[in-house]
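Owing to the predicted nature of the structure, the values given are computational and were not obtained by experimental measurement. Chain naming here is simple, since letters A, B, ... match the order of the sequence lines and numbering starts at 1 in each.
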2 protein chains.
Amino acid sequence: MRRGGPLTCLLRAAVAFADGRGIEALSMRNLAQELGVVPMALYKHVAGKEQLLEGMVDVVVGEIDSPVGAGDWKAAVRQRILSARQALLRHPWASRVMESRTRPTPAVLDYLNSLIGMFRSGGGLSADLAHHVMHALGSRVWGFTPDLFPAPPDSTPGAREDALPETAAKYPYIVEIATARPHHSATTVGQGCDDQFEFEFALDLLLDGCERLHHQGWTSAGRS
Amino acid sequence: MRRGGPLTCLLRAAVAFADGRGIEALSMRNLAQELGVVPMALYKHVAGKEQLLEGMVDVVVGEIDSPVGAGDWKAAVRQRILSARQALLRHPWASRVMESRTRPTPAVLDYLNSLIGMFRSGGGLSADLAHHVMHALGSRVWGFTPDLFPAPPDSTPGAREDALPETAAKYPYIVEIATARPHHSATTVGQGCDDQFEFEFALDLLLDGCERLHHQGWTSAGRS
DNA sequence: ACCTGAACACCGTTCAAGT
DNA sequence: ACCTGAACACCGTTCAAGT
């Protein structure tokens, strides 16, 4: 394993800092203090905080597995995206930072390019369809679904049951959905949603729909 | 039309400020200055900036049309979500603020509850399926797709063509997708994607897939 | 009791003063 | 030439001093 230059070292330290103390605690000043250097010393290696965050995203994107060659294209795409999901789950701050970035880095372009390649040369999809499918997948290509809410209405153990009667009256459908839910696995009963299940459900819904359109010879021009 | 109290007035001023000068320019100090009051005066009406942003989101959510009664459920859901999209498009900052919020407000719960109701009593979907479909739609229920990138790699008119040759070599699939795209309408040729088309493509992919699962009597327990 | 200005504890970044 | 500390222009919020 290569050591990497001082920039790589700095970026990895920043990633570790964000993993450990949260992205909101990551300031140029705090990071410098953690590294035992004066704040302005960081500016020798990065132009500013924007570039620091950019580099941190690249570190995470670099953790995504390379594409697998064998198997059918849909399974390959699925596996790759689920690998991206694992990388993003290891760094919970990364998804929000990625969403706030404005310009893609080379590492990001590499990943997207290879993913599109799986649709094009792997699956034989038209450039037209591949384009729209990438859009439809949206941030799911990064393994995350920007959820309706990061936290449930009130996750305090006691307050949940207390608030339920009045909530049930005002929001019957929400309560019904939140309570009468069949168990997917024993580990997630009663404690929120199985995020992995929800992610794969949506991913498969999109990939299956895409495959169906492909077999039908769909083009955007011939859309009703 | 009701006038609303001083809080409503403050929130509407904040929304107008964010619309006009951008959400990044919205600070307690700047907003107070705009209103001609001292910064601390705002704290008479809101507990802090978090609550201000919460109230601003509620103003935008309040602009979403009420559900339509007639027609089939899929068209009704589609129309409602596209109405949410229009509201969010009027306030470009709103989607990012919504994503950063942690707890839903009553207005948000009202919207979600009525949307689920359209699946349940309108479409006859099981609570099980309705649950997963809501997750699959994700932030699309708010009318926005967290895009892969807010801005293309380089949108400067001149630099685009200049960078193309080297980009084409490294990212052939991205370039292919970005350039060889059939025109959906004359107004969008050559200038980025037709966001509305991409949004409806993905929305229909998800709703059609959902309808198919419903007709098949899908349950999460019987999943392979 | 109410209002409000100064102050506090931050932030990213500039820049001039030191070596 | 290089490094670095103070300073600048912010931020949200506290709090004591004024009325």
| query | Is there side-chain contact between B/I23 and B/M56, with heavy atoms separated by less than 4.5 Å? | reply | yes
| field | Pairwise C1' distance, C/dT14 and D/dG12 [rounded to whole Å] | value |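 Roughly 23 Å separates the two C1' atoms.
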| task | Residues of residues 17-37 of chain B with any non-hydrogen atom less than 4.0 angstrom from an atom of DNA chain C: list those, numerically ordered, please. | result |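 Output list: B/R29.
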| task | Within residues 39-58 of chain B, find the residues that approach DNA chain C with a heavy atom at under 4.0 Å, and present them sorted by residue number. | result |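 Result for residues 39-58 of chain B: B/M40, B/K44, sorted by number.
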| Is a side-chain donor-acceptor pair under 3.5 Å present for B/Y173 with A/S121? |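 B/Y173 and A/S121 do have a side-chain donor-acceptor pair below 3.5 Å.
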| query | Going by atom types only, do A/H131 and B/E176 share a side-chain donor-acceptor pair under 3.5 Å? | reply | no
| said: Check for me whether the distance between the ring centres of A/H132 and B/F197 falls short of 6.0 Å. | reply: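 Centroid separation for A/H132 and B/F197: below 6.0 Å.
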Among all residues two or more places apart in sequence or in another chain, which pass the salt bridge (Lys or Arg N to Asp or Glu O under 4.0 Å) test with [X]?
| X | value |
| --- | --- |
| B/R90 | B/E63 |
| B/R80 | none |
| A/R21 | A/E34 |

| field | Listed once per pair and sorted, the ring pair (Phe, Tyr, Trp, His ring centres under 6.0 Å) pairs that draw on residues 88-115 of chain B, sequence neighbours left out | value |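 Qualifying pairs, neighbours excluded: B/H91-B/W93, B/Y111-B/W142.
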Under the side chain to side chain donor-acceptor pair (under 3.5 Å) test, residues paired with [X] that sit two or more places apart:
| X | result |
| --- | --- |
| B/D110 | none |
| A/R29 | none |
| A/S139 | none |

| task | Quick one: which residue pairs count as a side chain to side chain donor-acceptor pair (under 3.5 Å) with a foot in residues 39-57 of chain B, not counting sequence neighbours? | result | B/E50-B/R101
| Using a 3.5 Å cut-off on both pairing distances, which stems of three or more Watson-Crick or G-U pairs include DNA chain C? |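 When the pairs of DNA chain C are grouped into runs of at least three, the stems are C:4-8 with D:12-16, C:12-16 with D:4-8.
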| request: Please find the earliest and latest nucleotides of DNA chain C, in the 5' to 3' direction, that have an atom within less than 4.0 Å of any heavy atom of chain B. | output: C/dC3 to C/dA7
